[in-house]
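Residue numbers count from 1 along this sequence. Keep in mind that what you see is a predicted model, and the values were worked out from it rather than measured. In listed order, ligands and their atoms are each counted from 1.
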Amino acid sequence: MTRTLTVLGIESSCDDTAAAVVRAGSGPAGAEILASVVAGQTELHAAFGGVVPEIAARAHAEKIDLCIEEALMRAGLTLADLDAVAVTSGPGLIGGVMAGVMCARGLAAGAGLPLIGVNHLAGHALTPRLTDGLDFPYLMLLVSGGHCQFLIVEGPESFTRLGGTIDDAPGEAFDKTAKLLALPQPGGPAVETEARAGDPGRFAFPRPLMDRPGCDMSFSGLKTALLRARDGVMENGTLRRADRADLCAGFQAAVADVLAGKSARALAAMRARGLAPSAFAVAGGVAANAAIRARLTALCAGEGLDFVAPPLRLCTDNAAMIAWAGIERLRAGTAPGADLVPRPRWPLDQAAAPMLGAGKRGAKA
Ligand code: KG4
Ligand code: ZN
């Protein structure tokens, strides 16, 4: 029988400062999120068109202890009730990661608690076990403003990257599209709303890298195609509401096609390795997109596979996933004190070739 563990998680690797307390029971029902606090920084970076690392780091340092206090208060616990502290130690914007690790070190030392460093991407990749109790192995698509990759998840520390974006992440492409069409940020929800009224067939957008084998993807060319299409319309007058809707619908359909097509390949690649996935799971802000979800749901239905999309608050950056990944690592026997050196880059799959590019949200691992 596994013993109960109560862990404080701390996350500060991008533009959300977060703290959470997760308790993992001894039964098969898994874990309970006792509290999860997320303080975003959207308004601090709004004027700059992207996350400014120095501003992010300062804001993390100012907010992190308040978030921890709030999380413990909401959970009705004190540090004395915890079994361990888990903190994101990479990959991410280094100033923010350092703010989190330093705070966690102080807390753990003061309270005499074991401290464990967690890979932010492992937090995302292990979330379906927290929310849905998935068994290993499963296939995971991380798809957000900073990440896009397919992972076979075989254990708390066993990840195989099958492919990923070689340039922009899809969320970045949605955000740039919104900017080009004078829609508000973050661009994903705005583009999705416009796309509902649009004709996805009016503009011919490319399906990058679909003509090549493998699971790698590319999204930066889509934004160039969108710019050309927009300028083509504007040569003949102003951009009307209907034009904007058609551009959004065409762009979104291209992203959905690529993600669905490459997901089918990733599933085939996993099976070709002799592994039977227990499910196909997604995480990241772009997983909120209903058109993309519908395509992935249909793909899984056709494959006779469960499709798992954790609730959005656990798909986007949060600290419950860090606390949970800490619990998984402790249970797997990882020594306390492991992985506490802050790292800007930290690929989950150390054996895979490095991915190209680093987006506005920091290094992609
Ligand atoms: O995972 P996330 O909250 O943060 C990080 O990237 O770290 O993802 C944010 C990204 C943004 O680029 C946003 O535009 C995109 O997810 N996003 C969406 C939607 N909602 C958020 N993209 C497409 N459709 C959506 N409904
Ligand atoms: Zn993330």
* Quick check: are there more than 12 heavy atoms from other residues, nucleotides or ligands sitting under 6.0 Å from CE of Met234? -> yes
* Can a salt bridge be assigned to the pair Arg343 and Asp339 using a cut-off of 4.0 Å between side-chain N and carboxylate O? -> yes
* Asked: Which atoms of ligand 1 are found less than 4.0 Å from any heavy atom of Gly146?
  -> 6 (O)
* Going by an N to O cut-off under 4.0 Å, is there a salt bridge joining Arg228 and Asp231? -> no
* Asked: If the Zn ion (ligand 2) is the vertex, what is the angle to NE2 of His124 and NE2 of His120, rounded to 10 degrees?
  -> 90°
* Should the pair Glu62-Arg58 be classified as a salt bridge under the 4.0 Å nitrogen-to-oxygen rule? -> no
* What residues form a side chain to side chain contact (heavy atoms under 4.5 Å, CB included) with Ala249, not counting sequence neighbours? -> Ala195, Pro200
* Asked: Looking at Gly284, which atoms of ligand 1 are within less than 4.0 Å of one of its heavy atoms?
  -> 1 (O)
* Which atoms of ligand 1 are found less than 4.0 Å from any heavy atom of Gly187? -> 14 (O)
* **Structural part of Asn289 in contact with ligand 1, heavy atom criterion under 4.0 angstrom** => both
* Asked: Tyr138 vs Phe136 aromatic rings, parallel, tilted or perpendicular, using cut-offs 30° and 60°?
  -> parallel
* Give yes if a backbone or side-chain nitrogen or oxygen of Phe174 is under 3.5 Å from a nitrogen or oxygen of ligand 1, and no if not. => no
* For the Zn ion (ligand 2), the closest N/O/S atom belonging to Asp317 -> OD1
* Kindly assign one of parallel, tilted or perpendicular to the pair Phe205 and Phe251, based on the angle between their ring planes and the thresholds 30° and 60°. => perpendicular
* Check: Gly171 N/O within less than 3.5 Å of ligand 1 N/O -> yes
* Counting from 1, what ligand 1 atoms have a heavy atom of Asp175 closer than 4.0 Å? -> 11 (C), 12 (O), 13 (C), 14 (O)
* For Glu192 and ligand 1, does the shortest N/O to N/O distance drop below 3.5 Å? -> yes
* To do: Return yes when Pro189 approaches ligand 1 closer than 4.0 angstrom through a heavy atom, no otherwise.
  => yes
* Asked: What atoms of ligand 1 come within less than 4.0 Å of a heavy atom belonging to Gly285?
  -> 1 (O), 2 (P), 8 (O), 16 (O), 17 (N), 18 (C), 19 (C), 20 (N), 21 (C)
* Structure fact -> Taking only non-hydrogen atoms of Gly145 and a 4.0 Å limit, the atoms of ligand 1 in range are 5 (C), 6 (O), 8 (O), 9 (C), 10 (C), 12 (O)
* Salt-bridge present (Arg202, Asp243; N to O < 4.0 Å) -> yes
* **Set of side chain to side chain donor-acceptor pair (under 3.5 Å) partners for Thr334, sequence neighbours left out** => Glu157
